[in-house]
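Since we're looking at a predicted model, the values are computed, not measured. The first residue in the sequence is number 1, and the count goes up from there.
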Amino acid sequence: MNNALDRKLVGQAVYEKLRNDIVTGRLKPEQKLKLNQLKETYNVSVNTLRETLMRLVAEGFVSFEDQKGFRVIPVSIADLEELIELRGTLEMLGLEKSFERRDTLIDWKSRLISAHFRLSCAEKLMMEDEAQHVTAWEKADRDFHTAIVSNCGSKQLIRYHASVIELYMRYQVLALSQRPFRGKEVMAEHQELVQRLLDDDIEGAKSLLSLHISRGSQTPKATV
């Protein structure tokens, strides 16, 4: 039992490292992922690596072809535009449905406050040192926007939104190599957004969320 648990923990740790290295660009788009090299880099068995890479294939971060092996998924303007559209559609629908479930609004708003507090802390750290804190910020940003749809009552919507925003955030992180973190501007947007959500201003929240996604999606073409 302990051996099985140890393998599971090792596999999760390797998954998180690989995923983070893809999102932050340490593993470049289209880079070939050679098992023997990765084995040395991440200090795990080939079997664990293969299982982890197949998980990343399922999540859209890695591709696999017979005879060619594993490769980091490329980035493109077309892919980014598709992710922006899907994210906007899912997040806006999730926001609307979350407001409709009046019996669970207090718990939902509590989650929003908690997620926003962690995000604001990560944003402040990002303004001090982007390179050091980008991983924590990326997770906090994802968690906050995931919290926005968390009261919608649809497991499928939550699952698809989580998948799309994970892939979308990869572009956000890669964009930091071409432009600075938006800092106080994005902090103000998040603060105003959470306040509108807490005030039950659904139309105002939807309008600001749409603007927020649009502004955050202005990724330099040089990145892709």
Side-chain angles (χ1 to χ4, degrees), residues 19 22-23 55-62 73 75-120 122-123 136-176 181-182 185-219 223-224:
R19 180 196 171 279
I22 292 171
V23 169
R55 179 178 174 184
L56 290 166
V57 168
E59 295 178 356
F61 290 101
V62 172
I73 287 287
V75 294
S76 69
I77 293 294
D79 183 54
L80 173 59
E81 290 176 345
E82 185 176 356
L83 289 171
I84 292 169
E85 182 178 7
L86 285 171
R87 180 197 169 181
T89 299
L90 291 169
E91 203 160 317
M92 210 67 70
L93 180 59
L95 172 59
E96 292 176 352
K97 288 184 173 292
S98 290
F99 265 115
E100 291 171 1
R101 302 184 71 223
R102 311 299 296 182
D103 56 327
T104 52
L105 277 183
I106 293 178
D107 288 341
W108 177 51
K109 291 180 179 182
S110 296
R111 291 196 298 274
L112 287 171
I113 292 170
S114 177
H116 177 256
F117 175 75
R118 290 194 297 271
L119 174 57
S120 64
E123 288 170 333
W137 164 75
E138 184 264 335
K139 184 179 186 304
D141 202 342
R142 273 192 295 121
D143 287 348
F144 174 68
H145 286 279
T146 298
I148 289 176
V149 307
S150 65
N151 196 49
C152 69
S154 169
K155 292 181 179 179
Q156 295 295 342
L157 191 155
I158 290 172
R159 181 166 69 90
Y160 286 120
H161 173 263
S163 176
V164 167
I165 201 167
E166 279 203 345
L167 295 171
Y168 169 86
M169 285 303 296
R170 179 189 179 203
Y171 283 91
Q172 288 285 80
V173 174
L174 290 175
L176 292 174
F181 176 61
R182 291 201 295 137
E185 178 186 356
V186 74
M187 286 187 71
E189 288 175 14
H190 283 138
Q191 178 63 58
E192 185 176 355
L193 177 57
V194 77
Q195 192 59 55
R196 292 186 185 186
L197 293 169
L198 295 176
D199 291 342
D200 292 340
D201 180 7
I202 183 170
E203 293 304 322
K206 285 170 59 180
S207 176
L208 181 57
L209 180 59
S210 178
L211 181 62
H212 174 72
I213 292 174
S214 174
R215 286 175 175 169
S217 302
Q218 293 170 2
T219 304
T223 306
V224 294

Trace of the side-chain contact (heavy atoms from CB on, under 4.5 Å) decision for Glu91 with Val149 | CA-CA 6 Å; Glu91 203 160 317; Val149 307; 4.0 Å; yes
Going by heavy atoms in the side chains, are [X] and [Y] under 4.5 Å from each other?
X	Y	value
Val75	Leu80	no
Phe181	Glu123	yes
Ile73	Arg170	yes
Val186	His212	yes
Arg196	Leu209	no

Show your reasoning for whether side-chain contact (heavy atoms from CB on, under 4.5 Å) applies to Tyr171 and Ile84.
-> CA-CA 10 Å; Tyr171 283 91; Ile84 292 169; over 6 Å; no
Interatomic spacing from [atom1] in [X] to [atom2] in [Y] - rounded to 0.5 Å:
X	Y	atom1	atom2	value
Ser76	Glu82	OG	CD	9.0 Å
His190	Leu112	NE2	CG	11.5 Å
Ile165	Arg87	CD1	CZ	4.0 Å
Arg19	Leu56	CZ	CG	8.5 Å
Glu85	Ile213	CD	CD1	12.0 Å
Ser150	Leu95	OG	CG	10.5 Å

Step by step, work out the side-chain contact (heavy atoms from CB on, under 4.5 Å) result for Arg55 and Phe61.
-> CA-CA 9 Å; Arg55 179 178 174 184; Phe61 290 101; over 6 Å; no
Trace of the side-chain contact (heavy atoms from CB on, under 4.5 Å) decision for Leu93 with Glu96 | CA-CA 5 Å; Leu93 180 59; Glu96 292 176 352; 4.2 Å; yes
From the options Asp143, Ile148, Val194, select the one residue that forms a side-chain contact (heavy atoms from CB on, under 4.5 Å) with His116.
-> Val194
Ser163 and Arg159: side chain donor to acceptor below 3.5 Å | no
Side-chain donor or acceptor of Arg118 paired with backbone N/O of Ala140 under 3.5 Å | no
Quick check: does any side chain N or O of Ser114 sit under 3.5 Å from a backbone N or O of Arg111, one acting as donor and the other as acceptor?
-> no
Non-hydrogen atoms of [X] and [Y] that approach each other most closely:
X	Y	value
Cys152	Gly94	CB-O, 3.6 Å
Ala122	Ala136	CB-O, 4.2 Å
Ile22	Val62	CD1-CG2, 3.7 Å

More than 12 heavy atoms of other groups within 6.0 Å of Lys97 NZ = no
Just say parallel, tilted or perpendicular for the rings of Trp108 and Phe99, cut-offs at 30° and 60°.
-> perpendicular
Between Asp200 and Arg102, is there a side-chain N and carboxylate O pair less than 4.0 Å apart?
-> yes
